[in-house]
Structures are given as structure tokens and as C-alpha cells.
Amino acid sequence: MNTDEKKDEKSLHFIEEIVEEDLKTGKNDGRVLTRFPPEPNGYLHIGHAKSICLNFGMAQKYGGATNLRFDDTNPATEDVEYVDSIKYDVQWLGFNWVQELYASDYFGQLYQFAVELIKKGLAYVDDSSAEEIAAMKGTPTEPGTDSPYRSRSVEENLALFEEMRQGKCAEGSRVLRAKIDMAAPNMHLRDPLMYRIKYARHHRTGDTWCIYPMYDFAHGQSDAIEKITHSICTLEFIPHRPLYEWFIENLSIFPSKQYEFARLNLTYTVMSKRKLLQLVNEKHVSGWNDPRMPTISGLRRRGYTPESIRNFCDRIGIAKRDNLIDMSLLEFCIREDLNKKALRRMVVLDPIKVVITNFPEGKVEPCPSENNPEAPETGNREMPFTRELYIEQEDFMENPPKKYFRLAPGQMVRLKSAYIIKCEEVIKNSDDTIQEIRCTYIENSKSGQDESGINVKGTLHWVSAAEAVPVEIRLYDRLFKVEDPSSESGDFKEYLNPESLTVITGYAEPALREAQPGESFQFLRKGYFCTDEESTTEKLIFNRTVTLRDNWAKSGK
RNA sequence: UGGCAGGUGGUGUAAAGGUAGCACAGGAGAUUUUGGUUCUCUUAGUCAGGGUUCGAAUCCUUGCCCGCCAACCA
């Protein structure tokens, strides 16, 4: 009994365990307040989605809340364009923050904190150059050396820091540093920089400030100011934790706690904002929302749903070891979701003409076809069946291998929701290519009223040649040719997949005329496709989200 | 040769000293008017050595391997 109960429980990941322990011991009065802290210097990607699901998810699960806080301490790289896209993407994923905040909201408070540390003799103004500071920092195996400015008096430091703030110092001429330990084995404790001078216009504070706090002197204090209980970040911030705690202790502010988990890596793509920005700037992709990008906006345009992404984040788990998740898991998640939701439509991507010789010219016979067999309540739409049709080039072979269930001379197939046809003759062009396939249809074999008694192995999708709508189809494939482009030697861009995008014209059944931008469909036997945002009634454009699973192709044919 | 954090099937992730489980991927079959879906079944794993223990993925120890850290980035 006891063991059965245990089996049913989903096991907790290490952060959930920490929170449950805190709740049990009454820490923070049972309060859970997390924050999602993006820097507005790029678009959010699927790795951020993992963090978003974690931070908002923890709050949701334990009756807490989550702040959205922009870590905007570097005006040189940040912009409102990014702020807007980030807010949109978080909401699109299905999460709501209680407060929209900015580290820049705290610039005044942070300045006071710095003054406080100077007064306590724990911070000093250093006139050394960036190069000199780097040289005095030492190396991981050798201790650093004290700066000649390290022993300035409190009064002098106070005056100098004030001058920095007033814009009396040139950019790069001075910095404010914490006075900790130049011999610390942890490099981050070797008198880390707290403030630097930057004459850059900030997207929120404008020209109010010319000194800006570094990450380490902004993040922890922002957490403390907001009384964040669990400050969750990625593994590379582990060495920052002692510094995070040092500032909090010496300032005697709310003791937020930092916890670190392993960031997401995905096969056949890159996940660093720097690299993604490079792909955008160098035009290897059409923009941050190119459907090949692992960005939230790219995935959205590709046809990924919020549900599928949340589900994916759920399945990959939270742990501390480095990981490289197989792209096929993400693909599984979107297929799973779209299988339930996407309406079925027939589109021939690579047409070959079929003439039904015993079907009257000019006749149009409506064939009802289910919109989604997984959701019968979606009903049917009608496909027009006519004498001339298109089927897929690959669905016909003159000399088929055994177990080829499709069309071949003398063989019969079912046209989905319509008739069984038999291939009678192949008409060729002078260059030996196929001009058209001549078939006869079995009159009493219509779907739903089949009295032919004929059993066929294959069912093909098709469209009426006369009624089909030409549409643009963008076939997307993986962005890179190798699983882990970042770990390969040389420039990661050498490994871009030149065939990541193929644009073709396909022939769609008439019902697709009404496709709205953002709407997803299953093109029968071909895959899931999403109407592109640039699609119009005059020119329909579809992006391939993902192919269907294909056991036939997998078997090597 | 410094500090820190990790190492469980191909990929992820559970098992908190007591049956190594789940998902994806792979394989076999059944169903199917999508070679889709669904349903069965299945291959495959505790980094290595030593120790503690009745019993170790788990504790101790040594070694090996991977990652992060020396931006006026976050």
C-alpha cells in the first residue's frame, strides 16, 4: 500500500525539494516569490522557456508569484525592442507576472548601497585601466595583487565616486570595486567591479546616469529589494554565489537565496544569444523569428504551440548535469499536440497528373472528408473529385519494389475519401518523363458507400487539378548539419545546413483558401504546416512545422 | 599543477542503503480509408578501482572524464 502510493507520486526535482523543505520549516513565512530576469539584449529562446516554466511553474505549484524583471544594467547592448518581444513571448507561453520590474528602477537605491559599502571600508575607487586591473587579477593558479588605489580613504572614495556619478570622469578612467580578497581562489572574489562609467543613453533612464552597476552588484540586491525567496539561475553563476551572498550580508538586506540548474542544449542548433544574434546580423536567417531559429518567436512562426513547448520543458526535467536534448523530443511534443488539434487537409507538394478515363469530363463530385479523425466533432469538409487529378510524384512507381502499397502499373489504390482507382497506362513525354498516368475508377467503391469488396493496401492524398489552389510551401529542416555545432572545431557557422529551407509550390484543396495566419493543419501524409504570418488570401504561404512520423521512409523503402 | 560543479541505456530523467523505473529515439507485431494515430511486445545503463555493509547508483576513498571560472557582459 505504502509503496503503491509512492509509485503514483511524480518525483520532485531538486528545486522542488528545496522549496518543499522551506515550506515545511516555515522559511519566508511560507512565501514563494520567484523572478524571471532576462536581459533585454536579444529575443527569448527555448532555453529561456525552460527557465520561464521553472520560475513561473514553481510559483504556480506552491501558491506563490513571479516577477518579470529586466536585468537592464548595460545600456550599450539593450533596447526596448527586446523588452517588448520578451513580454509578448512570456505571455504567449501562458504565464503572467505579478510585477513588471527593471533593475534600472533600483539605480538610485543601488547607488546608496555602494555609498554604504564605501563608508564601511568595503569598496574603493580604482583609477587603474582595464588592462591593469586584468593583470593584477592574477590567474586561477596564481593570486592577484592589490591595486595601488586599494587603500584610499573613505572620504576620498566617497568624493571620487560622487565625481564619477556627476560625469566628471572619462569613460574607462575609474571603476568602483568591492574590497574583498585579491588572493581568493574564486576569481569573482578578487575585488570585483561594482560600477563602471558609460556615457550611453539607457532605454529607460535616458541620460540620468553615466555610471552603471555590474551584474553582480545589481542582481542580488534586486532580488533582495523585491524579497525574492528563490532566485533560480543557470550553472555558470555558481561561482558568483559567494559574491551574491557577500553583498547581501554586508548590506544587511533580505537574504534571497540563489539556486542553479543546468541550462538547456538542443541538438542541431545553437542556444547562445551571441550566436543567434550573429545569424541574424549576417543574414543566415531572415530574423529573430525565422522559423529555423530556436527562439520562441521562431518556434511560434514555425507552428509550435505554447502547450507543446510547456510540455517539452516538463519532460526534459531539471537537474545539475550538462545535457544535450534530442531535437526529436521537441518534435514528438508538437506532433502530440497538433495530432489532437490540427485539421486535416490534402496538399500535393510535388504533383503528377492522373486522368480518370472513365470519369465524365466536367463533372465535379463532392467527397466529404473528415476534418480530424481524432476530433470527430470537427465534422467534414468536401473535396471536389474530377476527371483530372494530382497525386504525389513519389506515390507512383513504374517498377515498384515489393511492399510498395502505392500506385503502379496494374495496381489499385484508394484515393482518400473518394474512389479506388486502377493504373491502366503511363503516358510519357519525348524525354521519357511521365506526362500523365491514366487510371480507371471503380464506380461502386466510393468512401462510405463502398460495395466493391476490393481491399487495397494504400490510400493516397490527392487534389482536383482544376480546383486546386497553388500555394507557397516553405519546407524547413534542421538549421545545422551536426548535432552540436558549438562543440565542433572552427566557426560554428561552417556547420549550417544549406538545405534548411526549400521553397516550393504545392497544390492545395479548395478548403485551404480560408487558412488564417498562425493556423496549423496536418497536410495528410506529409506533415504539420502552419499558415505563415505573411500569408494572404491571394498568396497563401505555409511553413512546415514538422513531418509526420514515417515508418515507410525509415525502413529504407 | 587553483577553485567550483557534475558523471545512471543512444538522449534525457527517476530510484534519498533494499526489485535500476519512466519518456524520447531504435527494433518487432496488431489495428487503421493518413506507411499518421492507437495498442502490445522489445533491445540497451549505474565512469573505473578499492573500502564500509547482510545488502551500494546511493556512504567513504583514489583515479579518470566532462563542464564552468582570469569581460569596465549577463
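Letters A, B, ... mirror the listed sequences (proteins, then strands); counts begin at 1.
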Applying side chain to side chain contact (heavy atoms under 4.5 Å, CB included) to A:Ala218 and not counting sequence neighbours gives A:Thr73, A:Leu110, A:Pro213
Sequence neighbours excluded, the answer for salt bridge (charged side-chain N to carboxylate O under 4.0 Å, His left out) partners of A:Lys198 is none
By side chain to side chain contact (heavy atoms under 4.5 Å, CB included), A:Thr378 pairs with (sequence neighbours left out) A:Leu343, A:Asn371, A:Asn372, A:Ala375
A:Arg478 CZ to B:A25 P, in whole Å, measures 13 Å
Whole-Å distance, A:Asp395 CG to B:U33 C1', equals 14 Å
Looking only at atom C1', what distance separates B:G67 and B:C72, rounded to whole Å?
27 Å
Original post:
Which value, in whole Å, describes the distance between the P atoms of nucleotides B:G17 and B:C69?
Top reply: 34 Å
Testing B:C24, B:G27, B:G7 for proximity to the side chain of A:Phe332, the answer is B:C24
Residues passing the ring pair (Phe, Tyr, Trp, His ring centres under 6.0 Å) test with A:Tyr199, sequence neighbours excluded, are none
Using the ring centroid of each side chain, check whether A:Phe113 and A:Tyr106 are separated by less than 6.0 Å. no
What's the gap between B:A57 and B:U38 when it is taken at their C1' atoms, as a whole Å value?
36 Å
Sequence neighbours excluded, the answer for side chain to side chain donor-acceptor pair (under 3.5 Å) partners of A:Gln278 is A:Lys493
Here the distance between atom C1' of B:G6 and atom CZ of A:Phe14, to the nearest Å, is 12 Å
### Query
Across the strands shown, which category fits A:Lys446 at heavy-atom distances under 4.0 angstrom: base, sugar-phosphate, nothing?
base
When rounded to whole Å, the CD1 to C1' distance for the pair A:Ile318 and B:G6 reads 16 Å
Applied to residues 127-147 of chain A, the ring-ring contact (aromatic ring centres under 6.0 Å, His included) test, sequence neighbours excluded, yields none
Indicate, with yes or no, if the rings of A:Phe161 and A:Tyr195 have centres closer together than 6.0 Å. yes
When rounded to whole Å, the CG to P distance for the pair A:Asp326 and B:G9 reads 15 Å
Pairs under 3.5 Å (Watson-Crick or G-U), crossing ones as [ ], inter-strand ones as |: RNA chain B comes out as .(((.((..((((....[..)))).(((((.......)))))....(((((..]....))))))).))).....
Between CD1 of A:Ile421 and P of B:U33 the distance, given in whole Å, is 18 Å
Residues at least two apart in sequence or cross-chain that pass salt bridge (charged side-chain N to carboxylate O under 4.0 Å, His left out) with A:Lys179, listed by chain then number, are none
Nucleotide by nucleotide, nucleotides 34-39 of chain B touches protein heavy atoms under 4.0 Å in the pattern (B base, S sugar-phosphate only, - none) BBBS--
Out of B:G6, B:G2, B:U33, minimum distance to the side chain of A:Thr141 belongs to B:G2
So what does A:Leu415 touch, heavy atoms closer than 4.0 Å: a base, only the sugar-phosphate, or nothing?
nothing
Side chain to side chain contact (heavy atoms under 4.5 Å, CB included) filter on A:Arg263, not counting sequence neighbours, yields A:Thr234, A:Glu236, A:Asn265
Mind checking the P distance from B:U46 to B:G7? Whole angstroms is fine. 15 Å
Point to revise | Spacing of the P atoms in B:A25 and B:U37 (rounded, Å) | key: 9 Å
Whole-Å distance, A:His13 NE2 to B:G6 P, equals 16 Å
Taken in chain and number order and not counting sequence neighbours, the residues that satisfy side chain to side chain donor-acceptor pair (under 3.5 Å) with A:Ser520 are none
From CZ of A:Arg190 across to P of B:G3 the rounded distance in Å is 12 Å
Q. Hey, does A:Gly144 reach any base, or is it just sugar-phosphate, or nothing, if we go heavy atoms under 4.0 Å?
A. nothing
5' to 3', nucleotides 68-74 of chain B under a 4.0 Å protein heavy-atom cut-off (B base, S sugar-phosphate only, - none) gives SSB-BSB
With side chain to side chain contact (heavy atoms under 4.5 Å, CB included) as the test, would you mind laying out the steps for A:Leu160 and A:Tyr124 before giving the verdict?
CA-CA 9 Å; A:Leu160 255 18; A:Tyr124 63 98; over 6 Å; no
